Amino acid sequence: MNKHILRRLLGALVAVLAVTFITFIALDTTGDAATALAGESASREQLTVLRAQLGLDQPVLARYGAFLTNAMRGDLGRSLVNNQPVADLLRERLPYTILLALAACALALTIGMIVGIGAATRAGTRADALLMSGAALGLAVPTFWSALLLMLLFSVRLRWLPVIGAEGIQSFILPSVTLALPTAAAIARLMRSSLLDVLRADYVRTARAKGLKPRHILTQHIVRNSLLPVVTMLGLHLGYLLGGAFIVETIFALPGLGRLTVQAIFDRDYPIVLGATLMIAAVYIAINFVVDLAHGWLDPQVAREAI
Amino acid sequence: MKIVKTAIVLFAITLIVGCAATTAPTKSAATSSAASLNGGTFTRAMTSEPASLDPQGAPSSGLSLVLPYLFDTLVMYDADFKLVPYLAESWQIASDGKTITMKLKSGVTFHDGTPMNAEAVRFTFQRFKESGAKSPIYDGVKSIDRVEAIDDLTVRFSFKEPTANFWSTITMPYAGIISPDSARKVAETGKGNLVGTGAFVLDQWQAGQSLTLKRNPAYKWGSTLSQNRAAPYIEKLVFKVIPDATTQLAALETGAVDAIFVNQPDQRARLQQNPKMQVDETVLNSLIYLGFNCKKAPFTDPQVRQALSYAVNKEEILKVALGGVGVVAFAPLPPSLPGFDASLKSYELGYDPKKARALLQDAGFAQSSSGTWEKNGQPLKGVLLTSNRAPNDAIAALLQSQLKAVGVTVDIQTLDSKAVMDATTQGKFDLLVWRYDWNDPDALNIYLGSDRIGATNRVAYSNSKVDELLKQGARELDGAKRKQLYVQAQQLILQDAPWQPLYVPLDVLATSKRIEGVKIGFMGRMLLNDARVAE
């Protein structure tokens with residue numbers, strides 16, 4: 001087990017290094033930070049002064065190296081735009097994004113499982129077709145569009161929910177529903193097919209033959225055994241949820257990490273972008289760890305194999 | 001059952017994080033004692049949040065939106081480009097044009113209670129030279145040789161040579177006068193904000209969400225542009241950060257904000273039909289142009305640039321891509337800037353596809369059977385670079401079809417605006433749809449002067465006669481003479497055709513009629529001293 005974890009950790013470290021390096025190079029080659037900062041009218045002399053002040057006159061690799069050594073000491077550096085410590089900026093914004101992603105995750109799981117179970121137990125009926133068409137739609141509709149539709153209906157027409165803001169739980173309803181829809185749809189489809197497989201399994205037939213109550217069979221035998229692929233997918237989708245949060249935060253004007261990062265990308269404020277990338281990569285890897293552990297929990301065979 | 005446990009844990013985490021997020025500490029708002037005034041809150045949408053409230057910091061649309069309410073400048077322009085006293089009461093220009101002496105208003109105090117005086121003005125410009133390299137007016141401030149405090153309320157600016165753009169530099173919101181005390185505190189602690197003498201005081205800043213300003217009760221030095229020169233009637237001025245344009249519209253329609261800038265023609269039409277909304281339009285000191293890379297063949301040949309300019313139908317662009325929001329441009333300077341002249345219309349290379357074809361033939365190109373122009377076996381084609389923001393994409397698509405109509409094929413490349421700036425300074429493009437915003441005819445030197453090649457002269461245009469006229473213009477303090485120099489320079493520029501001017505954009509501001517008495521000043525700035533909130 002220890003060896004397994006060590007191997008995973010090493011892989012994670014390589015992944016983080018690769019992710020930050022690629023981000024840094026991509027950012028640096030698509031625009032000079034001094035030009036981005038000083039705007040449209042800056043003269044060459046002004047840019048030279050600014051580059052020297054911000055250390056941008058150093059070679060790319062030297063700057064990346066400095067970022068790495070400082071990051072290992074827990075110092076993520078300062079924003080090029082306003083000289084604030086990056087760690088403070090991230091700490092300020094992260095709670096909103098985590099709240100949004102977790103709320104979306106919980107919603108997606110709930111909606112997805114209800115729809116999936118509902119469809120599987122009614123397989124082949126009209127209700128099944130209707131639910132699965134809904135799921136297909138949920139997957140196909142892009143987030144930025146469903147966000148605007150929901151806003152138009154619930155905020156502008158019905159005036160039930162606020163258009164913008166991050167005050168109180170009601171401000172998070174539309175953003176998290178928007179973010180949850182595609183994942184809920186994916187879970188519903190997976191849950192349905194997974195359930196149908198299990199329904200045909202021998203042990204289910206045995207349980208039925210034993211005369212167990214249908215409800216008991218469904219909850220104790222069928223649902224639990226069809227959860228494995230769902231949990232795997234949810235782990236994969238959390239990355240999507242964190243990424244999707246970037247768009248949702250921008251549309252609903254939530255002060256999360258995504259918006260901070262998007263603005264920093266436009267400003268070529270690479271310390272913020274690298275800090276955020278590092279943080280998201282760490283969260284993503286941590287989640288995958290948890291998913292691995294959850295696998296062991298749901299299916300003891302996985303835990304034994306890992307040893 | 002274990003799933004239920006997981007769900008409960010997840011939900012608990014959600015709640016804990018949620019509470020942590022929503023109970024972020026905020027300074028409480030003190031209610032004003034001046035209840036006899038009207039009071040009320042005016043909320044505006046802000047597309048991008050300022051990174052800091054340092055007037056000398058990195059520029060952003062959010063920063064220039066907020067600054068005029070927090071920091072006052074020495075002088076300001078009225079809507080007709082005339083200088084109006086602000087913190088400076090009067091000024092005198094020496095006969096050689098190399099010194100300007102200003103008399104400051106007395107009794108003006110910063111938000112921290114310290115007095116605004118000649119020393120504060122000197123400090124502000126000294127700080128600018130030391131740490132203002134991110135600011136768009138850094139070069140302008142650098143051209144001031146010395147700033148001296150002669151006595152408590154007299155300040156003298158000295159120059160190595162007469163500097164005509166001094167006025168446009170110090171009227172920018174970035175040139176707001178800063179309390180030296182606040183600047184020292186911010187420098188020492190790394191916390192807090194700089195303060196000015198503005199009609200509003202910073203009350204509360206919720207990062208990523210909103211900036212709340214409250215009325216400055218001590219204010220009594222407003223400009224003559226407002227009837228009320230004392231503290232504003234409005235109690236609070238709130239800027240809500242809303243990046244998305246459609247969300248801004250929804251926020252305006254639901255009353256979450258009272259004013260937004262409108263960029264999309266369909267939104268403007270929708271708001272104009274709304275009886276609760278007031279829609280104001282201001283012509284900006286800006287220009288959108290089609291530029292040619294003058295250093296890259298075949299666009300090094302003026303005839304080729306002229307030919308392609310003749311192929312451009314500006315009216316169609318204005319109508320189709322912009323929904324009519326804007327003014328067709330024919331000169332490199334917009335009509336609002338001194339230096340523009342209606343006579344330049346006769347130098348315009350207006351839409352004439354026949355002339356375009358004839359000029360290409362003169363330049364040695366021949367049309368092949370497939371319709372494309374070729375010279376020495378090289379087809380005439382290029383990459384049209386622009387930023388991925390509306391309406392640039394639509395303009396680029398129209399230009400592509402208009403050029404196609406005369407047999408020139410261009411491929412459109414859209415990048416984010418910072419990447420476009422980077423690509424153009426390195427000369428990696430053939431054609432460019434781009435924009436400039438500048439409050440002084442010196443814009444021509446910044447964007448077309450040959451000493452700016454490799455930086456802001458993105459098209460690498462070079463004409464020594466033009467350079468000389470622009471240098472003279474920068475030194476000429478006599479308004480009429482200065483204008484003439486820029487008119488001559490523009491005549492030459494139009495003949496060389498490094499740019500085909502396309503249109504001058506409009507600022508469209510939609511305000512709820514709940515807010516009364518708003519005046520629109522220079523560059524579309526909202527003057528709020530006379531404004532009231534009607535309930």
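Because the structure is a prediction, the values reported are computed rather than measured.
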So which of B:Ala256, B:Ala443, B:Ser135 has the biggest tally of heavy-atom pairs under 4.5 Å with chain A? B:Ser135
Select one option (side chain, backbone, both, neither) describing which atoms of B:Ile453 are under 4.5 Å from chain A's heavy atoms. backbone
Please check: side-chain N/O of B:Asp440 versus main-chain N/O of B:Asp442, any donor-acceptor pairing under 3.5 Å? yes
What part of B:Ile242 gets within 4.5 angstrom of chain A, counting heavy atoms only: side chain, backbone, both, or neither? both
With respect to chain A, which residue among B:Ser417, B:Ala250, B:Ala455 yields the maximal number of heavy-atom pairs within a distance under 4.5 Å? B:Ala250
Any luck finding a side-chain donor-acceptor pair between B:Ser131 and A:Gln53 under 3.5 Å? no
Interface moiety of A:Ala42 toward chain B, non-hydrogen atoms closer than 4.5 Å: backbone
Counting only heavy atoms closer than 4.5 Å, note whether A:Leu80 contacts chain B via side chain, backbone, both or neither. backbone
For B:Lys142, which atoms come within 4.5 Å of any heavy atom of chain A: side chain, backbone, both, or neither? neither
Go through the atoms of A:Asp269 and report whether side chain, backbone, both or neither lie under 4.5 Å from a heavy atom of chain B. neither
Donor on one side chain, acceptor on other, A:Asn82 and A:Ser79, under 3.5 Å: yes
N/O donor-acceptor pair under 3.5 Å between A:Arg78 side chain and A:Pro271 backbone: no
Going by distance alone, is a donor N or O of one side chain under 3.5 Å from an acceptor N or O of the other, for B:Trp434 and A:Glu40? yes
Surrounding CZ of A:Arg159 (heavy atoms of other residues, nucleotides or ligands, distance under 6.0 Å), is the total greater than 12? yes
Could you tell me which portion of B:Gln248 (side chain, backbone, both or neither) has an atom closer than 4.5 angstrom to a non-hydrogen atom of chain A? neither
Under a 4.5 Å heavy-atom cut-off, does chain B meet the side chain of A:Glu92, its backbone, both or neither? side chain
Side chain / backbone / both / neither for B:Arg435 at chain A, heavy atoms under 4.5 Å: backbone
Where the side chain of B:Asn457 meets the backbone of B:Gly449, is there a donor-acceptor pair that is under 3.5 Å apart? yes
If you measure from CE on B:Met421 to OG1 on B:Thr425, what distance do you get to the nearest 0.5 Å? 8.0 Å
Would you say the side chains of B:Asp437 and B:Ser286 form a donor-acceptor pair under 3.5 Å? yes
Measure A:Leu148 against the heavy atoms of chain B and call it side chain, backbone, both or neither at under 4.5 Å. side chain
A:Pro175 and A:Phe252 have their tightest heavy-atom pair at CG-CG, 3.7 Å
Which answer fits A:Glu45, side chain, backbone, both or neither, if we ask what part of it has an atom under 4.5 Å from a heavy atom of chain B? neither
Quiz question: by atom type and distance under 3.5 Å, do the side chains of A:Ser146 and A:Thr178 form a donor-acceptor pair? no
Using heavy-atom distances under 4.5 Å, tell me whether A:Arg259 contacts chain B through its side chain, its backbone, both, or neither. side chain
Among A:Ser41, A:Ala253, A:Pro162, A:Ala38, which residue forms the greatest number of heavy-atom pairs with chain B at distances under 4.5 Å? A:Ser41
Report which part of B:Asp416 has an atom under 4.5 Å of a heavy atom belonging to chain A: side chain, backbone, both, or neither. side chain
So for A:Leu37, is it side chain, backbone, both, or neither that comes closer than 4.5 Å to the heavy atoms of chain B? both
Looking only at heavy atoms and a cut-off of under 4.5 Å, which of A:Leu260, A:Ile265, A:Asp32, A:Asn83 has the most pairs with chain B? A:Asp32
